[in-house]
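Step one of this worksheet: look at the structure below.
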2 protein chains.
Amino acid sequence: MATNTKERILDAAEELFADRGFPSTSMRDITQGADANIAAVNYHFGSKEALLLAVLKRRIEPVNQARVARLDELESSAGDQPISTEELVRTFLTPVFETWQEHGGAAPKYMKLLGRIHAEVDQDLRTKFIQETGAVLERFATAFERGLPALDASEVRWRVLFLVGSMAYTMTWGTALLEVGDQARRDSEQVLETLIQYTTAGMTVPSTASVVAADREAR
Amino acid sequence: MATNTKERILDAAEELFADRGFPSTSMRDITQGADANIAAVNYHFGSKEALLLAVLKRRIEPVNQARVARLDELESSAGDQPISTEELVRTFLTPVFETWQEHGGAAPKYMKLLGRIHAEVDQDLRTKFIQETGAVLERFATAFERGLPALDASEVRWRVLFLVGSMAYTMTWGTALLEVGDQARRDSEQVLETLIQYTTAGMTVPSTASVVAADREAR
DNA sequence: GTCTATATGCGGATAGAC
DNA sequence: GTCTATCCGCATATAGAC
């Protein structure tokens, strides 16, 4: 448990937001979980909403920074060659799973929180998240386009949407699969690799239009 | 607008739950949206939570019934042959998108609601949903296994998780992409086809273990 | 079936003592 | 920085008239 109150509040809030969601978590729950006084949230963060932003920022920023830094590196070393689709997929996905690893590998709260933000439909709450992550997504979409010239921009973006969906869902529910030690047990590194192979295959499949045309041809 | 109060409440609740989520929607919002009295929800449904269950049931049951009915059909006509992966993917995905079509095709509330349920992390609220859908998922996972003998049961279930994630995310956010008429514009039929091709490619990719082994070989 | 009025509790936030 | 006490609004739910 963190020593100072502010950190303890961040930790407790993160866990509770991940488990129950923002609206269903009360400040009384948070301060009790953090072993702090009910007034401490407002003193340290100003409001419940400001606390949420602080919690999100602490996790999202490093992930997105790692993604962009690695992409910068790839692009500068590739020159005018397109980057391979698998490498792009790997670059996008690895940073979140590293967060997973770094903290013990066992279903940590941040993964569930990150998954939840993706899924959360609250327009207001998403605004800040979108601003940060939307730009990153667009950079990756553009990079994907260069390596997949047969696809139009629209199809690439839909596929990126599918990719993000699988990732978010895995973050939210994969932890449960990992925990229960059931049939689906495998460690998070292997899950990442499975997801990368799956996603790369999906991203590189011929365009829907061409498949439909070929199908028509065959009849 | 539906004629009787009960239906109007279901419609209004569905839309509001989809947009704001369950905890953030008040019964005042619902009854106001349904042009009904504040006491009507408790009169017709008993409680807010019972209303949610009614809203969910109305959409999920037909979808899962269609999935299972079509799978029964495929299995009985296939005899002891495994069903093709693409056909299984198609069978699982089509029913939700048909719901989409049936109601005008333009980003309807049910899609967002269905997507939200998948994403929702509230243990309590998910229990009923899981019971209904978990069984359906397990039937499909088993069918996938038969057509993908190179994969172990664990890897098949992870891939099914990815599949569900893409689907749920598309239901939640795809509507927004469809609405804005931006670069990613295409109609829902084409989105379904794109998702089917993407997913089939992901499901049928060689096992992670074999890919990693081949990679090691190559060095 | 539909309404008004109300019971009862929990929510976020803050004032002000220490 | 931390605490108690409290303000005030909104939530669900129900009692009881019509």
Side-chain angles (χ1 to χ4, degrees), chain A residues 1-58 113 116-117 120-128, chain B residues 1-58 113 116-117 120-128:
Chain A
M1 201 150 169
T3 51
N4 67 90
T5 304
K6 203 170 172 180
E7 284 283 320
R8 287 205 315 278
I9 289 175
L10 282 171
D11 290 341
E14 180 168 71
E15 179 153 15
L16 288 164
F17 290 160
D19 279 347
R20 314 182 191 171
F22 179 70
S24 305
T25 302
S26 74
M27 305 187 59
R28 285 170 174 85
D29 293 337
I30 296 165
T31 48
Q32 192 183 324
D35 212 1
N37 186 273
I38 173 73
V41 167
N42 280 296
Y43 177 78
H44 286 285
F45 298 93
S47 71
K48 187 189 175 188
E49 191 146 334
L51 168 60
L52 173 65
L53 292 182
V55 168
L56 296 185
K57 195 173 171 149
R58 189 169 65 145
L113 181 71
R116 188 186 266 282
I117 307 156
E120 206 67 60
V121 190
D122 262 81
Q123 303 313 42
D124 295 356
L125 294 184
R126 277 184 60 86
T127 307
K128 208 188 147 64
Chain B
M1 200 149 168
T3 51
N4 67 89
T5 305
K6 203 170 170 180
E7 284 284 319
R8 287 205 315 280
I9 289 175
L10 281 171
D11 290 342
E14 179 168 70
E15 179 152 17
L16 289 164
F17 290 160
D19 279 347
R20 313 183 192 170
F22 177 71
S24 305
T25 302
S26 73
M27 304 187 59
R28 284 172 176 80
D29 295 336
I30 296 165
T31 48
Q32 192 184 323
D35 211 0
N37 186 272
I38 173 74
V41 168
N42 280 295
Y43 176 77
H44 286 286
F45 298 93
S47 72
K48 188 189 175 189
E49 189 146 336
L51 168 61
L52 172 66
L53 292 182
V55 167
L56 295 186
K57 193 172 172 147
R58 189 168 66 144
L113 180 70
R116 187 185 266 283
I117 306 157
E120 206 67 61
V121 190
D122 262 81
Q123 303 314 43
D124 294 356
L125 295 184
R126 276 184 60 86
T127 306
K128 208 188 146 61

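Proteins get letters first, then strands, A, B, ... in listed order; numbering begins at 1 in each. Nothing here was measured: the structure is a model prediction, and the numbers come from that model.
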Run the side-chain donor-acceptor check on residues 25-35 of chain B: report pairs under 3.5 Å with partners two or more places apart or on a different chain.
from	atom 1	to	atom 2	distance (Å)
B:Thr25	OG1	B:Leu16	O	3.4
B:Thr25	OG1	B:Gly21	O	2.8
B:Ser26	OG	B:Arg28	N	3.4
B:Ser26	OG	B:Asp29	N	3.0
B:Ser26	OG	B:Asp29	OD1	3.4
B:Ser26	OG	B:Asp29	OD2	3.2
B:Asp29	OD2	B:Arg20	NH1	3.0
B:Asp29	OD2	B:Ser26	N	3.2
B:Thr31	OG1	B:Met27	O	2.8
B:Thr31	OG1	B:Arg28	O	3.3

- Query: Between B:Arg58 and B:Asp11, is any pair of side-chain heavy atoms under 4.5 Å apart?
  - Reply: yes

- Heavy-atom check, side chain of B:Phe45 versus side chain of B:Ile9, under 4.5 Å: yes

With sugar-phosphate taken as primed atoms, P, OP1 and OP2 and all else as base, the protein-contact string of nucleotides 2-18 of chain D at under 4.0 Å (heavy atoms; B, S, -) is BBB------BBBB----

Report yes or no: is the cationic atom of B:Lys48 (NZ for Lys, CZ for Arg) under 6.0 Å from the centre of the six-membered ring of B:Phe22, at an angle within 45° of the ring normal?
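Checked: cation-pi criterion met.
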
### Task
Report the C-alpha distance between B:Phe17 and B:Leu56 in whole Å, list the side-chain angles of each, state the deciding distance to 0.1 Å, and finish with yes or no for side chain to side chain contact (heavy atoms under 4.5 Å, CB included).
CA-CA 10 Å; B:Phe17 290 160; B:Leu56 295 186; over 6 Å; no

